[in-house]
Amino acid sequence: MPDLTALIHSAVLYSTPLILAAIGGLYSERSGVVNIALEGLMIIGAFTAAVITILTGNPWIGLAAAMIAGVLMAIPHAVASITFKADQVVSGVAINFLALGLSVYLVKYMYEGAGKTPTVPELFHQVPVPLLSEIPVIGPSLFNQFPTTYLAYLVVIVTYIVLYYTPFGMRLRSVGEHPSAAETAGINVIQMRYIAVMISGALAAAGGAGLSIAIGSEFGQTTVSGQGFISLAALIFGKWHPLGVLGAALFFGFSVSLALIGQIYGWTQVVPSEVLSMLPYVLTLLALAGFVGRSEAPAAVGKPYEKGGR
Amino acid sequence: AGCGSGQQGDQQGADQEAFSAGMVTDTGGINDESFNQTAWEGMKRLKEELGVDVKYLESKRDADYVPNLSRFAREGRDIIWGIGFKFENVIPQVAKQFGDAKFGIVDSNLGGNIPPNVVAVTFKEHEGSFLMGVIAGSMTKTDKVGFIGGISSPLIKKFEVGFRAGVKAANPDAEVKVAYAESFDDVAKGRSLAQNMYNNGVDVIYHAAGGVGKGLFNEVKTREKGKYWAIGVDMDQSSLAPDHTLSSMIKRVDVAVFEVTKQVKENKFQGGKEVELGLKDDGVGIAETTSKHVPEDVLKKVEEFKQKIIKGEIKVPSTEEEFKSFQ
Amino acid sequence: MFVVEMEGITKRFGSFVANDGIDLRVKGGEIHALLGENGAGKSTLMNILFGLYEPDEGNIKINGKSVTISDPNEAVRLGIGMVHQHFMLVEPFTVTENIILGKEPRRMGFLDLKRAEEEVRRLSEQYGLQVDPRAKIRDISVGMQQRVEILKTLYRGADILILDEPTAVLTPQEIDELIEIMKRLVREGKTIIFITHKLKEIMRACDTVTVIRRGKMIDSLPVSETDENRLAALMVGRDVSFTVEKAPSQADEPVLEVEGLVAKDNRGLEAVRGLDLTVRAGEIVGIAGVDGNGQSELLEAITGLRRVDAGVVRLSGKDVTNRKTREILRAGVGHIPEDRQKRGLVLDFSIGENLALITYYQSPFARGIRLCYPEIFAHAKRLIEQFDVRTPDERTAARALSGGNQQKAIIAREVERDPDLLIAAQPTRGLDVGAIEFIHRRLIEQRDKGKAVLLFSLDLDEILKLSDRIAIICEGKIVGWVDPETVTEEELGLMMAGGKEEGAKP
Amino acid sequence: MNLFVRANRQSPLVLAIVSVLLGMLVGAILMVLAGYDPVRAYSALFRTPFTQSFDIGETIRTISPLIMTGLAVAIAFRTGLFNIGAEGQYIIGQLVAVIVALKLSLPPVLHALVAMILGGLAGALWALLPGILKATRGVHEVISTIMMNFLAFYLSNFLVRSWLSSGADSTPMIPESASIRWNVLTDVFANSRIHLGIIIALLLALFMHWLLWRTTVGFEFRAVGLNPHASEYAGMSVRRSIILSMMISGSFAGLAGATEMLGTDEYLTILTFFNGLGFDGIAVALLGGNTPLGVILAAVLFGILTYGGGTMQFEANVPFEVIRVVFAAIILFVAANVTGWIVERFRRERRVKEDA
Ligand SMILES: Nc1ncnc2c1ncn2[C@@H]1O[C@H](COP(=O)(O)OP(=O)(O)OP(=O)(O)O)[C@@H](O)[C@H]1O
Ligand SMILES: Nc1ncnc2c1ncn2[C@@H]1O[C@H](COP(=O)(O)OP(=O)(O)OP(=O)(O)O)[C@@H](O)[C@H]1O
Ligand SMILES: [Mg+2]
Ligand SMILES: [Mg+2]
């Protein structure tokens, strides 16, 4: 039998980037802006984190730079979909193209034609949280992690509080549900949406950074490889609620690590590894079809806001 | 502007006089810290030592192999390399189309049907891996060692089987945990696998997984020195974790590319044949840095096995079948 | 003393002039009616006053001072509050949350919901509004929602309240209550601008009335100096008759029979609970009831849009329970849905396509699966002519038509199919007298042709005027039948409320 | 300027062209910033796809799957569905095509035909599940198709390894009888890998036009896409439309995979990642305004940029990825109607001047 600590540990490891990106997506979509650009925002985060960490030798600076880059990359999405009222899905798809193209282009430019960065010399390390990490089983698995994971925990908690216990959160939700109502209540819908999309850029990029300077150690074309889309799935699966999103992301992380680690315990003798690899996706489909059913998106998500519109 | 240093000098294109060689990477790209990169080292040496006009093309998708090879062929390059077993299916196709051009492929023997204008270079990775197995088997304190593979294929299987045979030969009690990442570039997976293996009592891990292997080194670096070890592949990877790397299995793709191209230049092209390079030919071998952490007696044992293999006294298995009959 | 003076206000949308040099003067402490047909420009004018639109020309004075109102915040600062025609409430939020949105009481940066709830409760008591601060908007009645809207303005300290068509969705009792509330507000020193089409309400509640027609101000006069006929003429620009000519019904065989019908709403709660209903050929049956008592679910169950959990639906004797919508429509049902833009039309389709939305697959519009567009457009041309749908042509998108003309198109489509049973839900909601007249005539025409008509409406006038029999629906059951000739609005209202004190909770 | 402004107000084509030019300007700026020569790069990019018949052939080959995945995305869009799963349907199409090619022995022509049709059907089936989930359980098609993409990916790898080859990482070449390359084309285009896929792609575009605007089924698709409630009230079966539309969409993507397999690759390898044709299809559909003709034009543009981008890298040393940035910029400009906005600005300024 696999030991539970290891399994949970690796599940959390895998879900960290998903949690960050999906919570990022939550801000954006709660404000009414679809964010299919999570993939691109993660890419730009992973890229910036790797490059800046290589340059400065300090992963914290890398992480901060990634979050700034994420905000910058989110701005075109905001401008196109909020100010210019472009189709938000379309604009998101464009951002995905843009992020991948730009980052690989820059990598090639900076590293003499190479398709990926050199290995990042100074990575984040796993640090045990005093006391908490000594709790049996879950201690070492939840609290002996990368700083990005702790950031993810923090982000979930803060988001939950912000969303439901602060004026800002209430306004954010109102903007995503009924922007005209918010506008007549004196809330600047456009501004709220810009802020939300920018937050989503910063968080998704932080998730991406985790891939290149915490669990991974380089940036290349395939560093993010679809995790942004999985985050989006986690967001929908988690019903746009911070705790739901956390659960969904952990679920994905858990099934990915199950498939991977299963090999070490000889499961692949019985089940081919590809079949194990399919597990998370099959489980998700079953879950969606079976118990989760419809998830209600914020009412105004995907609709450009027209001032005075009906 | 900074672009591939090898490309700078030859922007004029291939003029008719100079001897020219082209190399097409697989989707791993030129700086894969693996065989594409090593092959390019060989090409650069050709340029420096023999003044060969060299150039590479990266492939974005598998569908790019044919146009990339054709492009070099139409340029009239004297030899065109397809680096990696992914070229297995396309090389014969293009070779047929451009009957006058010469091609080389690394890591595949094209199933034995090698066209007359193609040379196929393969390596006896299982022999080198056997020695890694000997080192791992001798160094383990827990009698548990690990192997991390990239995408499972007959090629990577050669590494695995050779390694297991080596472990068995050196330490029959040791158990080998095997896992495949099913990827050559997902560093995170490599790290997860390594972490779990180490947590399960494995203390030496060998990988044949390209970029995935970096995850192994990232993980081992964070662990207690002198207790947890990693073994690298393709080139000397000890720089990735100097205090934790026992050894690396070297695969001299650069030498192969260099030598074969040189032969073509000297009009000694041996088309239609497979060139298989093993321990005997120095096509595979042990990293020099091995002596840093591996004690004298183990090195001696390794050397003994190496000689036996070279002499043919030991036939290292390269498939599961052969492994079963390996004593 | 005027608290609001709007002078020469002009507002264009593209080349369309919605407000054309309008003057409006409102005295402090009065209820000032703003009257006009649909699309006359009333909402536009008020949106300008509330800072949602900027006027192209004209100026505004509040309490005698010239102001520019560039956004709603500015309006609120000037003491202006607005209750919009389309409610501006966030459905999943509570009453309190909706009220405080944008001006939240805080404690250390966090929401102070406790204080907010107390404040809401206090205001609600002060003006006799009786709302539950903790209820979710989606769980309360429309009338309650409206009070929440009023509370929102009061919470922000509004002295000038704009109520844009507040009565369109209310029961008679609720309207009475609203008028009471308005009067109370005025007593407390507020000023109210009240937009409506309903002349009766103006006569009952207002002090002054300003009439707008096609973007221009026509007249402004004290209510005491006018009457309903005069106002109607001012509004439409011609004389209108208020009564519908209607011969006694010649009711015949039952067309629709519903027995013991049970159906659930979207949340899985039983909304129709063992309902019986019969509609005969040649009669109009009106269903009266407070919004949310199972009307929508009933008509969806009849038309196959919602699962019937128990009971039977028969059409001309044939069992159609749980049949597909298409089958039921083909069996002779016409359906004018309650929300024309959401359910009645595909707004981005041409008017021609919309007129064939139900029959496109039948000859002559289709041969096999091949569509025949020339036939579709020819058919549309005929109907546009026949039903006087005002549209540039049959290829124009339905979106570009006015609300009334959109409704006419739907009616054309349904009536033209010559159904045995015509179901009409809120057929005239939000329309002006001209359009209403037209639609009413069509419904009676159907009846006189021997068709069965089932009318759902929240507008009791309409029910009383059109129906041959009235069924009162309450909590998913028909709780009684009345004769429109003898019943009074008050009796009807009481029955609709089902004996409850307030018809608020569903 | 006058002409430009006037033309612009009318034609979406002009809008698209201006957006394309603006997108390329962004690319040029990026090149200049990195010290590359944009003139040389673009001239390489646009010259090569046209000058040699080999390159023309390869360009057409690049274009044909883009048309198909573009149409796949577009037809789903028309029904209000976002088929982000073209990627997976493509994989399944190529998988089934290669299975038929390798495991059945049939006479020429017929073999290819069966392989292609079954590939298309497989794509349809792969889209069926998300369709059913959406129609019956309300599961958002974006998540379910993303999941299906990953499933297709692993399934393909599993079968290639365990059944279609003996543990190797690619299948053998398909037999001649299943190939859809056509000697005439191959000869005309100097041995390039152009194949009959382009004909299929164009036929699919015609089919889509016919289906959407000439049939009752298409009428339903469009109605459901624009207003599912009204469609349901009008007696249409929204579920049927969703499922059918997803299947047709999936079959287009599946055919893209099948034709690429039978014409371009002729063998299937272990996939290391998605090849992105499904995502490119999204971009193509958007740029093409979800109309068949628009999709063709957009695919031609993307195809030229993609294939020419390879040459550009070769001749001017500019990394290929700059082309992705150009794509992105074009999509953004089209979606945000930046051109229209600029034109509006011009007109307003002029009006102000004229007024003054
Ligand atoms: N945002 C807008 N864009 C274009 N036209 C508009 C807009 N808002 C209103 N209009 C048009 O201006 C006219 C006046 O509209 P308004 O809403 O003020 O009418 P109203 O008098 O309130 O009518 P109703 O009784 O139907 O509410 C209408 O013809 C309407 O279509
Ligand atoms: N989105 C739109 N696009 C184009 N034109 C529009 C649009 N909305 C409104 N209009 C124009 O504004 C006019 C009035 O629309 P509105 O819906 O306010 O009707 P209305 O004037 O209230 O008429 P009715 O009494 O029939 O409801 C329409 O005739 C139409 O030409
Ligand atoms: Mg109107
Ligand atoms: Mg109005």
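Computed from heavy atoms alone, side chains included, the values below leave out hydrogens, waters and symmetry copies. Lettering follows sequence order; numbering is per chain, from 1.
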Taking C:Arg343 first and then D:Glu232, would you say they form a salt bridge - that is, a charged N and a carboxylate O separated by under 4.0 Å?
no
C:Leu357 to D:Ala234 - nearest heavy-atom pair and separation:
O-CB, 3.6 Å
Between C:Glu353 and D:Phe219 the two heavy atoms that sit nearest each other are O-CZ, 3.7 Å
Among the listed options D:Leu226, D:Thr216, D:Leu211, the residue most often paired with chain C at heavy-atom distances under 4.5 Å:
D:Thr216
Do the non-hydrogen side-chain atoms of C:Arg370 and D:Arg214 ever get within less than 4.5 Å of each other?
no
Side chains of C:Glu300 and D:Tyr233, heavy atoms from C-beta outward: is any pair under 4.5 Å?
yes
Compute whether any side-chain donor of one residue and acceptor of the other, for C:Tyr361 and D:Glu220, lie under 3.5 angstrom apart.
no
Based on non-hydrogen pairs under 4.5 Å, which of [options] is most in contact with chain D?
{"options": "C:Leu345, C:Ile328, C:Asp339", "result": "C:Leu345"}
{"options": "C:Val346, C:Ile358, C:Ile369, C:Thr325", "result": "C:Ile369"}
{"options": "C:Leu329, C:Asn354, C:Asp348, C:Leu305", "result": "C:Leu305"}

When the 4.5 angstrom heavy-atom criterion is applied to C:Lys324 and chain D, the contacting part is neither
Under 4.5 Å from a heavy atom of chain D, the part of C:Tyr373 involved:
side chain
